[in-house]
Protein chains: 2
Amino acid sequence: MNIGEAARASGVSAKMVRHYEAIGLVAKAGRAANGYRDYDDADVHVLRFIRRARDLGFSIADIRELLALWSDRSRQSADVKRLALHHVAALEQRIVGLQAMAETLQSLAACCAGDDRPDCPILTELESH
Amino acid sequence: MNIGEAARASGVSAKMVRHYEAIGLVAKAGRAANGYRDYDDADVHVLRFIRRARDLGFSIADIRELLALWSDRSRQSADVKRLALHHVAALEQRIVGLQAMAETLQSLAACCAGDDRPDCPILTELESH
DNA sequence: CTTGACCTTGCCATTATGGGAAGGTGCAAG
DNA sequence: CTTGCACCTTCCCATAATGGCAAGGTCAAG
């Protein structure tokens with residue numbers, strides 16, 4: 001399987017497949033006689049795992065650990081759970097930060113006439129404080 | 001006022017003050033006889049505006065527009081409001097994305113024993129799908 | 001043999017921020 | 001005056017994850 005097909009099958013772009021290989025997240029792909037990277041279903045399986053983890057917001061560093069645990073037959077599920085919950089906490093922290101921003105802006109905007117006059121509490125707020 | 005003092009007064013690091021000048025977000029600072037950048041209260045005022053806008057999650061591009069509106073005496077508050085609400089929408093979109101991730105992970109983690117056995121629904125989920 | 005789709009590597013760009021090096025400046029204490 | 005420390009200057013590099021482009025090799029169909 002060429003890289004393009006593996007990319008389509010896994011949902012990871014060919015560009016990123018090469019990148020993941022370059023940073024050592026996945027093993028170096030075998031090469032066909034013509035020098036093209038050659039993939040099999042197991043490789044696609046790994047790539048799909050990565051893709052799914054990325055979709056859940058895990059960083060590459062996290063995924064490196066997840067992959068290690070995944071391939072470790074003697075892993076302890078507690079380690080996976082810890083990683084996941086740690087990530088949940090990080091996500092929730094980002095969420096509250098963003099919510100605070102959105103709420104502040106929302107309330108400022110609610111006080112803004114939004115017409116053709118220049119007076120605007122949003123700018124006033126940014127200006128002061 | 002040297003850059004360090006302006007940085008302390010505005011809450012923007014000296015590094016970023018230079019950067020904002022380099023990308024044309026703020027006007028080139030005047031220079032003292034020794035070549036040091038020289039700031040006054042008005043400059044600090046602008047920097048503080050930027051800092052506050054960054055705290056609300058506005059991008060540099062957004063801030064460029066906000067600064068233009070701020071200094072435009074004939075601005076229409078509708079333009080500011082539109083910018084702000086557009087940003088709120090973007091924030092909320094990011095929030096729902098993060099919440100979806102957090103909830104998915106949360107429910108997967110809830111199904112994970114978290115003990116010394118290797119079986120883990122989190123890995124199973126990443127693996128399948 | 002040409003054309004088009006695919007592969008290769010390598011470099012650059014993004015966003016916002018920080019780190020560090022190498023060297024100049026200014027002020028205070030010895 | 002010299003030493004030292006804190007500050008300034010510019011320039012380069014790094015981050016995280018991804019995309020784009022360019023120059024060139026490969027392969028299959030027409």
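Throughout, a chain's letter reflects where its sequence line sits, starting with A, and its residues are numbered from 1. Quick caveat, the model's predicted, so the values are computed rather than measured.
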- Charged N to carboxylate O under 4.0 angstrom, B:E127 versus A:R52? no
- Task: Go through A:K81 and A:L85 one step at a time and tell me if the side-chain contact (heavy atoms from CB on, under 4.5 Å) criterion holds.
- Result: CA-CA 6 Å; A:K81 187 168 183 173; A:L85 289 179; 4.0 Å; yes
- Query: Judged by atom type as modelled, is there a donor-acceptor pair below 3.5 Å linking the side chain of A:S77 to the main-chain atoms of B:A113?
  - Reply: no
- Just how far, in rounded Å, is C1' of D:dC27 from CE of A:M1? 19 Å
- Do A:R75 and A:D79 meet the salt-bridge criterion of a basic N to acidic O distance under 4.0 Å? no
- Message: Distance check needed: D:dC8 P versus B:E5 CD, whole Å only.
- Response: 9 Å
- Query: Across the strands shown, which category fits B:R18 at heavy-atom distances under 4.0 angstrom: base, sugar-phosphate, nothing?
  - Reply: base
- Task: Could you tell me the separation between the NZ atom of B:K28 and the P atom of D:dT10, rounded to a whole number of Å?
- Result: 11 Å
- Query: Looking only at side-chain N and O atoms, does A:R31 come under 4.0 Å of OP1 or OP2 in C:dT9?
  - Reply: yes
- Message: Nearest 0.5 Å, please: how far is CD in B:Q106 from CG in A:L91?
- Response: 10.0 Å
- Integer-rounded Å distance: D:dA6 P and B:I3 CD1: 19 Å
- Note on the structure: Residues at least two apart in sequence or cross-chain that pass side chain to side chain donor-acceptor pair (under 3.5 Å) with B:S71, listed by chain then number, are none
- Item | Sugar-phosphate or base contact per nucleotide [nucleotides 16-26 of chain D; S, B, -; heavy atom under 4.0 Å] | -SBSBB---BB
Got a list of side-chain donor-acceptor pairs under 3.5 Å for residues 24-33 of chain A, not counting sequence neighbours?
residue	atom	partner	partner atom	Å
A:R31	NH1	A:G35	O	2.9

- Query: Using 4.0 Å as the upper bound for N to carboxylate O, is an ion pair formed by A:D119 and A:R117?
  - Reply: no
- Residues B:R37, B:E21: salt bridge by 4.0 Å N-O rule: yes
- Query: Which word best sums up how the rings of A:W70 and A:F49 line up, parallel for under 30°, tilted for 30 to 60°, or perpendicular for over 60°?
  - Reply: parallel
Can you list, pair by pair, the side-chain donor-acceptor contacts under 3.5 Å of residues 13-20 of chain B, counting residues two or more places apart and other chains?
residue	atom	partner	partner atom	Å
B:S13	OG	B:M16	N	3.1

- Query: Once you round it to whole Å, what is the distance between P of C:dT15 and CZ of B:R64?
  - Reply: 10 Å
- Query: Taking CD from B:E21 and P from D:dC8, how many angstroms apart are they, rounded to a whole number?
  - Reply: 14 Å
- Task: Compute the bend angle of the helix from C:dC1-D:dG30 to C:dG30-D:dC1 from the end axes (five pairs per end), rounded to 10°.
- Result: 30°
- Item | Between C:dT8 (P) and A:N2 (CG): distance, integer Å | 7 Å
- Query: In residues 82-98 of chain B, which ones come under 4.0 Å of DNA chain C, going by heavy atoms?
  - Reply: none
